[in-house]
Protein chains: 2
Amino acid sequence: MANIRDLAKMAGVSVTTVSRVLNHHPYVSEEKKKAVLEAIKATNYHKNINAVHLSKGKTKLIGVVLPFSDHPYFALLLKGIAKQALENNYKLVLFQTDYMESREMEALQMLEQKQIDALIICSRSCGLSIIKEHLQFGPIILCENMKGHQISSTFVNHYKIFFDALMYLYQKGHKTIGYCIGRKSGANSWNRDRAYRDFLKKYGLPYYPEYVFDQCFHFEDGEKVIDQIKKMDKPPSALLVTSDQVAAGIVICCQKHQIAIPGEIAIIGFDNEPISRMMNITTVEIPLVEMGENLFRQAVSGEISNHEISVKLIERGTV
Amino acid sequence: MANIRDLAKMAGVSVTTVSRVLNHHPYVSEEKKKAVLEAIKATNYHKNINAVHLSKGKTKLIGVVLPFSDHPYFALLLKGIAKQALENNYKLVLFQTDYMESREMEALQMLEQKQIDALIICSRSCGLSIIKEHLQFGPIILCENMKGHQISSTFVNHYKIFFDALMYLYQKGHKTIGYCIGRKSGANSWNRDRAYRDFLKKYGLPYYPEYVFDQCFHFEDGEKVIDQIKKMDKPPSALLVTSDQVAAGIVICCQKHQIAIPGEIAIIGFDNEPISRMMNITTVEIPLVEMGENLFRQAVSGEISNHEISVKLIERGTV
DNA sequence: TTGTAAGCGTTATCAA
DNA sequence: TTGATAACGCTTACAA
């Protein structure tokens, strides 16, 4: 396989000139340029990008950490990131963690080893101190409010969203409200639970642990939720569901079991995915693609910034 | 940032010895090893993996081309690939093409430039000749039958699956059968259409172009299908739907419009995703995760092989 | 406008 | 067991 030196020899020029042609630098005579181009054709030459990386100390590769890609929330975030990556001529390295810290560490390690220029962590499992230790190796962007931490982030105010949604339900007359969430730990989940408890406190309502359903990620998880609710003596009259997928699953399940929506139970989904429009589910719109695009921009900018994204309640038929 | 030479100096050994320690080679005295390890600690040393790549000519990176990651079919394929990648200490570089050939070319270019060791193409847009031209740069694995082409592949027999499913419907008394598909072009789509036409011919049934619904990718696309069917004078009595997502969307839509399933229209989905079990949809199970795992194995093996995966019809309530 | 030569940080070969 | 030293293939001062 030919390299830049072979080309130089063939074209009767120096390697520098070849490099200039390769990188579209000015100050190359048409004549020599032509000779180089011909040599490239003749040898079927292809740059060894690893040599470029080594020489430049950059890879044009951005790492993306997410628990799973087969969930619309993360898939849409990824879509936004990928869109910007394409426009800016970057490639993405994917780390599917299944929330395993060890896999997150692998991504951080790639940053250490300079295989990626920056790292976007869509959902964090490891401690903040570990993140901070790795900032010396390159930008790390998170999806939670990092103001005052010297870490970049794009985020929505989960506390406020949750609180507002609960208030909305309360105003509609709901006093026994539960919620469904993916994992219980994690910064965003913690904020939502805080909002939930503050809301209950504000109106002197009791906290029932069984009103909080975790491990709700996919459509089919809606089934578990309804199964549990059916067993309850005093089921909640409304549910905040942090994923439209799960909300849709719940709606389907309620149809199956003849549970009236919103009559017997009201539902608010999250994200405003197409499925929620189709099934007429009231939802909180989160512009995930836009968030993803912003995450990418922060990853390449190098400067630390914190960007809050605003959301919108979309009133449909399930409340 | 310290490099291997600095370590050598600090530890009072040669760079070779440092390299040996770094790579767990034998033939290093405990004493020197300790000295090197101490230098590593002291300097917070981290390997520059790009130098390794350049030196070795390999990156332990596998490229994965897919049209979109926010579709269960590809997400599950990706899951299988990612699983094996993790076990074998490879990382994945993702190429979301949206079926754009230009983006597929970028992936092939990365193979040329040695940034990835192999490429898995889950759904191909470019011509076969382009693939063949790039085989010289590394293994390329496809998801369609490539027997006799000197290209590795893992695939299911879409022709047979389609034909068998049509036969099954026919035996249940259906004579006017349509089908829903993602894109009309593409090798697998072509095989399915061939099966469809052969089936019609076998029983002397007419081909109605309006019975073929394309651009059916997501849940919400089921709506379009039903909208069109409702307008038909002579709607099909059964539908083969190449994605459980779309099948589920169709089922939901039929409920909304009071269309009886399977009474007025029978449905067979594809993939056996959780949603199909939950909604009791008859479906063709395709072991996508297993397929993904096999794709990865072929990518790293270097040998050319063609692996057909078998499928199973799961009878539920929509036929 | 062109070229020389010094990096970039490893690994691999070979001799000691 | 150890160490010089030559790759690996490109970019980039610097000099001309």
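Below, read A as the first sequence line, B as the second, and so on, with proteins coming before strands; counting in each chain starts at 1.
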Between C:dT11, D:dG9, D:dT11, which nucleotide has the shortest distance from any of its atoms to the side chain of B:Ser55?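 Nucleotide nearest to B:Ser55's side chain: C:dT11.
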Of the nucleotides D:dT1, D:dG3, D:dT11, which has the atom closest to the A:Val52 side chain?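 Selected nucleotide: D:dT11.
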Any side-chain N or O of [X] below 4.0 angstrom from OP1/OP2 of [N]?
| X | N | value |
| --- | --- | --- |
| B:Lys114 | D:dC8 | no |
| B:Asn48 | C:dG9 | no |
| A:Tyr45 | D:dC10 | yes |
| B:Lys47 | C:dT11 | yes |

Can you measure [X] atom [atom1] to [N] atom [atom2] for me and round it to whole angstrom units?
| X | N | atom1 | atom2 | result |
| --- | --- | --- | --- | --- |
| A:His25 | D:dT12 | NE2 | C1' | 9 Å |
| B:Ile4 | D:dA4 | CD1 | P | 13 Å |
| B:Lys58 | D:dC8 | NZ | P | 15 Å |
| A:Tyr27 | C:dT1 | OH | P | 7 Å |
| B:Asn3 | C:dC8 | CG | P | 8 Å |
| B:His46 | C:dT10 | NE2 | P | 12 Å |
| A:Asp6 | D:dC10 | CG | C1' | 13 Å |
| B:Ile49 | C:dG9 | CD1 | P | 14 Å |

Validation row, ring centre [X] to ring centre [Y] under 6.0 Å:
| X | Y | result |
| --- | --- | --- |
| B:Phe217 | B:Tyr73 | no |
| A:His218 | A:His71 | yes |
| A:Phe155 | A:His307 | no |

Does A:Glu144 pair with A:Arg124 as a salt bridge, N-O distance under 4.0 Å?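 Counted as a salt bridge, because a side-chain N and a carboxylate O are separated by less than 4.0 Å.
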Which one of B:Ile140, B:Leu111, B:Ile304 satisfies the side-chain contact (heavy atoms from CB on, under 4.5 Å) criterion with B:Leu135?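 Testing B:Leu135 for a side-chain contact (heavy atoms from CB on, under 4.5 Å) against B:Ile140, B:Leu111, B:Ile304 leaves exactly one candidate, B:Ile140.
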The test is side-chain contact (heavy atoms from CB on, under 4.5 Å); show your working for B:Leu22 and B:Val18 and say whether it passes. CA-CA 6 Å; B:Leu22 250 23; B:Val18 176; 4.0 Å; yes
DNA chain C: 5'-proximal contact among A:Glu31 and B:Leu54 (nearest heavy atom):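 With A:Glu31 and B:Leu54 compared, the 5'-side residue is A:Glu31.
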Short question: side chain of B:Asn306, backbone of B:Ile151 - any donor-acceptor pair under 3.5 Å?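 Indeed, once roles are kept as given, a pair shorter than 3.5 Å links the two residues.
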Name every residue in residues 8-24 of chain A that has at least one heavy atom under 4.0 Å from any atom of DNA chain C, in order of residue number, or write none if there are no such residues.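 Within residues 8-24 of chain A, the residues near DNA chain C are A:Val13, A:Ser14, A:Val15, A:Thr16, A:Thr17, A:Arg20.
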Which residue lies more 5' along DNA chain D, comparing A:Lys56 with A:Arg5 via nearest heavy atoms: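 Closest to the 5' end, via its nearest nucleotide, is A:Arg5.
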